[in-house]
**Student:** 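Encoded as C-alpha cells, here's the structure I'll be asking about.
To find a chain, count down the sequence lines: A is the first, B the second, and so on, and within it residues start at 1. We use all heavy atoms of the structure for the numbers below, so side chains are in, but hydrogens, waters and symmetry mates are not.
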Amino acid sequence: MPELPEAERARALIADRGLGRVIAAVEDGDSYVCRPHAPGELAAALVGRRLTSANRIGKTLWLETDRGGPDLGLHLGMAGRIVIDEEPHERWDRFALTFDDGGRLALRDKRRLGRAVLEPDLSRLGPDAALATRAEFRAGVGRGAGPIKARIMDQAVIAGVGNLLADEILWQARIDPRRPANQLSGPELDALRRAVRAAVRHALREGGAHTGALNPHRERDGHCPRCGAPLSRARIAGRTTYWCPAEQR
DNA sequence: AGCATTGTTTCACA
DNA sequence: TTGTGAAACAATGC
C-alpha cells in the first residue's frame, strides 16, 4: 500500500495522536527492520524522550524528540502501516514505542521491508513529489535517456511516487511510460507535474495510491477505463506497468 | 508449485 | 564517471 499518500496518512496519524507523549520502552529487536542498529540501540537513545513533531518527505517519515534527542526515521516499505493504541500484533509489529501513559505506536508490517532508524539520511531524497516547483520538476524529471516512468519513481528526483501512482499519473497525462525522459517537451513536463499533484491530491482524499481510476483495470486483459482499448503490460523500471497504447503517446 | 508483489539498496555493466 | 537495469532482500497471497 505505501506510497506518498499512505505515508502522509501515517504522518497525520502520528501528529494527531502521538505528539507530546513520552517514550517508556522501545521494541527494537528486529535487527533487519532496525538495521544497521543493534537491538537496544534505539531504546537507549529514545527512552525518556517526548515526541515533538512528525515530518515527511515523499515516503520517508521522521519524528523529532525533545531535549536534543535523536530523530526517529520510519519507512513503511512495501506493506507497512502505523498503528497507535491498538492491540499489539505478535507477528507483524516489527517495531514499537510504548508510552508512559500505557499507549503504543507500532510499525505493523507483514512483509518486513519497513525500516526504523535513528537520524535517517534524507540527503538523497529529491523534493516531495507534490511540492516540487515547476523549475525543479523540469530540470530533474526531464533529464536522462531512461524511461519517464523510471524518472518519476526515482526518489532522488522527486520523492513519493511508487509503481501504482506512476501508472496512474502517466495514464492521466496520456504519456507513454517508455518515452525517454529527456525527449519530453517543457509543456509535457508541466502537464506531468500537474498530473502528479492531481493524483496525489486524489489519493490523499480517497485514502491511498490504489484509489486511482486506472487501478481497478491494472490486470491482465484489463481495458482503458477512458477509451476501452486493451491495456498494454510490460516490465518497465523493474516494475509491472500497465498503460493505454491508444491514448498514451 | 511457482510466480507476483504498492519499496529500497547494491552491484554489474555500458 | 555517470547512468541504467537486474537481482537481492522478506514474507505473503493467488
**Student:** Of A:Asp66, A:Asp100, A:Asp85, A:Asp16, which meets salt bridge (charged side-chain N to carboxylate O under 4.0 Å, His left out) against A:Arg21?
**Tutor:**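 Result for salt bridge (charged side-chain N to carboxylate O under 4.0 Å, His left out) with A:Arg21: A:Asp85.
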**Student:** For DNA chain C, what is the dot-bracket line, given that a base pair needs Watson-Crick (N1 to N3, plus N6-O4 or O6-N4) or G-U wobble (N1-O2 and O6-N3) geometry with both distances under 3.5 Å, and | means paired with another strand?
**Tutor:** .||||||||.||||
**Student:** Write down the atom of A:Leu165, the atom of A:Pro5, and the distance for their closest heavy-atom approach.
**Tutor:**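 The answer is CD2-CD, 3.9 Å.
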**Student:** Taking C-beta and beyond as the side chain, do A:Arg249 and A:Asp176 meet within less than 4.5 Å on heavy atoms?
**Tutor:**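 A:Arg249 does not reach A:Asp176 side chain to side chain.
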**Student:** Does atom CG of A:Asp121 have more than 12 heavy-atom neighbours from other groups under 6.0 Å away?
**Tutor:**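 Yes - once you tally the heavy atoms of other residues, nucleotides and ligands closer than 6.0 Å, there are more than 12.
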**Student:** Between B:dT10 atom C1' and A:Asp154 atom CG, what is the distance in whole Å?
**Tutor:**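 Distance, rounded to whole Å: 15 Å.
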**Student:** Quick check on A:Arg9: does its CZ atom have over 12 non-hydrogen neighbours (other residues, nucleotides or ligands) under 6.0 Å away?
**Tutor:**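 Count not over threshold, so no.
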**Student:** So, A:Thr241 versus A:Arg235: side-chain donor-acceptor pair below 3.5 Å or not?
**Tutor:**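 No donor-acceptor contact under 3.5 Å links the two side chains.
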**Student:** Give me the distance, rounded to whole Å, that separates B:dC11 from C:dA10 when you measure between the P atoms they each carry.
**Tutor:**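 B:dC11 and C:dA10 have their P atoms separated by 15 Å.
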**Student:** Could you tell me how far apart A:Asp109 (CG) and B:dT5 (C1') are, to the nearest whole angstrom?
**Tutor:**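 It works out to 13 Å between those atoms.
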**Student:** Would you classify A:Pro5 as touching base, sugar-phosphate or nothing, given that sugar-phosphate means primed atoms plus P, OP1 and OP2, and contacts are heavy atoms under 4.0 Å?
**Tutor:**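 Result for A:Pro5 = nothing.
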**Student:** Considering just the side-chain nitrogens and oxygens of A:Thr240, establish if one lies under 4.0 Å of OP1 or OP2 belonging to B:dA4.
**Tutor:**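 Indeed not, no polar side-chain atom of A:Thr240 lies that close.
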**Student:** In whole angstroms, how far is the P atom of C:dG5 from the CD1 atom of A:Ile148?
**Tutor:**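 Roughly 12 Å, once rounded to whole Å.
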**Student:** In whole Å, what is the span from the CZ atom of A:Arg115 to the C1' atom of B:dG7?
**Tutor:**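 Interatomic distance, CZ of A:Arg115 to C1' of B:dG7: 11 Å.
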**Student:** What integer distance in Å separates A:Glu219:CD from B:dC3:C1'?
**Tutor:**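 Distance, rounded to whole Å: 17 Å.
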**Student:** So which of A:Glu86, A:Glu90, A:Glu87 actually passes salt bridge (charged side-chain N to carboxylate O under 4.0 Å, His left out) with A:Arg108?
**Tutor:**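 Considering A:Glu86, A:Glu90, A:Glu87, a salt bridge (charged side-chain N to carboxylate O under 4.0 Å, His left out) with A:Arg108 is found only for A:Glu86.
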**Student:** Does A:His75 place a side-chain N or O at less than 4.0 Å from the phosphate oxygens OP1/OP2 of B:dG7?
**Tutor:**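 Result: no.
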**Student:** Do A:Val141 and A:Val196 make a side-chain contact, defined as non-hydrogen atoms from C-beta onward lying under 4.5 Å apart?
**Tutor:**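 Answer no - side chains too far apart.
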**Student:** Calculate the interatomic distance between A:Asp167 atom CG and B:dG7 atom P; express it in whole Å.
**Tutor:**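 Those two atoms, CG and P, are 11 Å apart.
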**Student:** For A:Arg220 and B:dC3, give me the distance from atom CZ to atom P, rounded to whole Å.
**Tutor:**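 Rounded to whole Å, this separation is 12 Å.
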**Student:** Among A:Arg194, A:Arg179, A:Arg193, whose salt bridge (charged side-chain N to carboxylate O under 4.0 Å, His left out) with A:Glu188 holds?
**Tutor:**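 Per the salt bridge (charged side-chain N to carboxylate O under 4.0 Å, His left out) rule, the option paired with A:Glu188 is A:Arg179, out of A:Arg194, A:Arg179, A:Arg193.
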**Student:** How long is the line joining NE2 of A:His210 and P of B:dT5, in whole Å?
**Tutor:**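 That distance rounds to 17 Å.
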**Student:** Which letters describe nucleotides 6-14 of chain C, given B = protein heavy atom under 4.0 Å from base, S = only from sugar-phosphate, - = neither?
**Tutor:** ---BBBBS-
